[in-house]
Every structure is written in C-alpha cells, then in structure tokens.
Amino acid sequence: MTGSRACAGPGRAAELAANLAALETRVRAACSAAGRAREEITVVAVTKTFPVADVVGLAALGVTDVAENRAAEAEAKAGAARELGVGHLRWHFVGQVQTNKAAVVAAFADVVHSVDRVRLVDALDRGADRAGRRLVCLVQVDLSGADGRGGAAPSEVEAVAAAVDGARHLSLGGVMAVAPHDGSVDPASAGRAFARLAEVADRVRGAHPGATIVSAGMSGDLEQAVAAGATHLRVGSALLGSRPALR
Ligand SMILES: *Cc1c(COP(=O)(O)O)cnc(C)c1O
C-alpha cells in the first residue's frame with residue numbers, strides 16, 4: 001500500500017504539479033467570491049490509497065498538510081515518509097477511529113478530525129500521553145443523521161468538545177463535517193449542510209474561543225465550504241486523481 005518507489009516518476013510529478021496549480025486557482029476563486037483571504041484557508045491533501053511516493057511528491061511541491069483515513073495505512077505511510085526525509089509534514093487523520101486503534105492514531109497524527117464520542121476522547125488522551133505527544137482534536141459533526149460516516153449529533157457536540165478541552169494531552173481545535181451527498185454533489189444541499197456546521201462551530205467557539213478550525217469541503221464541494229467559513233479543506237481526488245471505489 002505504501003509502495004516501494006521513493007519518488008514519483010516525472011510524469012506523476014508533472015500531474016501532481018498541474019493538479020495542485022488547478023486546485024490553487026479554484027481555492028483563490030472561491031476565496032475572492034466569498035470576500036475571504038487565501039491565508040484563511042489550509043488545504044489538506046488526502047493521500048489515502050496513494051503511495052508514499054505521492055506524499056513525497058506533494059511535499060516537494062510545497063504541500064505541508066496530508067491526511068489519511070485508515071490507521072494502519074496512515075501509520076506505515078507517515079513512517080515511510082519520515083524515513084525518506086520528509087519529516088516536517090503535519091499528519092491529519094480523517095477516518096473513523098476505533099477505540100482500540102486510538103493509540104496507533106495518537107502516535108503519528110498531529111490533528112484528528114474525527115473525534116465523535118467521549119470514550120474516544122479518553123482513549124486518544126491515553127494514547128497521546130503514552131506517546132509523549134499532544135494532539136489537536138476536531139469534533140466531527142454528523143450533518144445527515146443517517147449516512148454512517150461517523151460524527152456526533154449536533155446536540156452531543158458540546159459534550160465531546162468539553163471532554164477534549166478537559167483532556168490533558170489534547171487541544172480542542174474546532175469542528176469537522178462531511179456534507180451528506182449520495183452519489184453526485186448537489187451544491188445547494190452542500191451549502192445548507194455547511195451553513196449548519198457554521199452554526200455548530202459558532203456555538204463551540206462561544207464556549208471555547210480557541211476552537212477556530214472548521215474542517216469542511218472536499219474536491220466536489222470546496223467552493224460551498226469556503227463560502228460558509230471553512231478554514232480547512234480536505235482534498236483528495238482533485239489533487240491525486242480518482243481512487244478505487246469503496247473508499
Ligand atoms: C476521502 C476523504 C476526503 C477527500 O475526498 P475527495 O472527494 O477525494 O476530495 C475528505 N474527507 C474525508 C473524511 C475523506 O474520507
């Protein structure tokens with residue numbers, strides 16, 4: 001899964017550069033349409049299913065933030081990237097975290113976007129303690145009520161946020177959500193979902209002023225996310241190309 005080649009070939013490097021340039025154009029256009037500064041937005045490259053060579057290739061193009069969604073794959077890739085001399089990346093974890101994998105995630109992740117229950121908060125805090133690390137945690141908000149991608153119901157968010165805030169080795173960064181799409185992206189429904197997330201984010205910030213991160217928006221709906229106040233975009237396919245299905 002992490003691949004054996006240390007470097008992307010020249011064709012792949014050119015493809016990643018072109019994708020990154022096109023993405024940058026989209027993000028700048030979305031910022032200017034929303035009256036926001038480009039500096040307010042962090043692009044996180046979602047490298048799941050792609051080899052570590054692509055992580056190295058993106059880092060060479062100036063990408064600083066990468067994300068994964070499976071603990072074992074992420075741990076291996078972060079380790080391989082470090083061995084290849086790419087030790088300065090910020091690693092984000094965006095997948096559902098099983099409680100018994102929390103220690104694995106705590107050992108490599110810098111930012112965990114998918115914290116959705118108090119039991120997981122406790123497990124991540126113990127894992128961070130054992131690893132001698134401090135993790136930034138985002139509370140994942142379920143905007144669908146139904147799609148099984150994880151997330152706390154909006155009414156449960158404050159309890160999870162308070163647990164993170166009270167944990168010794170965790171910092172509350174803010175909130176995250178995935179807009180509910182079945183199949184194709186509907187811009188209007190993405191906009192409504194991100195508006196609901198913005199309300200939740202405001203409430204969390206009211207109680208925890210440092211919780212300024214709003215992680216929202218993917219390849220298909222990043223314009224709506226920027227319009228609704230996202231600070232972090234999680235972009236996979238627009239940067240790396242399409243993944244095999246079922247991810
Ligand atoms: C895979 C994934 C992304 C990236 O999705 P793209 O549509 O490929 O940009 C973003 N967020 C989460 C939680 C993901 O699992």
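Owing to the predicted nature of the structure, the values given are computational and were not obtained by experimental measurement. Remember, it's 1-based here, ligands and their atoms both numbered in the order they're listed. Any value given below was found using the heavy atoms of this structure, including those in side chains, with hydrogens, waters and symmetry copies removed.
- Evaluation of the salt bridge (charged side-chain N to carboxylate O under 4.0 Å, His left out) test over residues 198-215, restricted to residues two or more places apart or in two chains, returns Asp202-Arg205.
- Salt bridge absent: Arg168 and Asp125 never bring a charged side-chain N and a carboxylate O closer than 4.0 Å.
- Residue Val235 has at least one heavy-atom neighbour below 4.0 Å for each of these atoms of ligand 1: 9 (O).
- Residue contacts with ligand 1: Ser219 is placed with a nitrogen or oxygen under 3.5 Å of a nitrogen or oxygen of the ligand (distance criterion only).
- Here's the thing with Met176: none of its N/O atoms is less than 3.5 angstrom from an N/O atom of ligand 1.
- Paired with Ser215 under the rule side chain to side chain donor-acceptor pair (under 3.5 Å), one option of Gln140, His232, His113 passes, and it is His113.
- Under the 4.5 Å side-chain heavy-atom criterion for ILVMFWY residues, no single connected hydrophobic cluster contains both Leu61 and Val44.
- Here is the list of ligand 1 atoms found below 4.0 Å of a heavy atom in Arg234: 4 (C), 9 (O), 10 (C), 11 (N), 12 (C), 13 (C).
- At a heavy-atom distance under 4.0 Å, no atom of His113 approaches ligand 1.
- Remark: the His92 side chain and the Asp110 side chain contain no N/O donor-acceptor pair separated by less than 3.5 Å.
- Atoms of ligand 1 lying under 4.0 Å from any heavy atom of Val94, numbered from 1 in the order shown and given with element: 12 (C), 13 (C).
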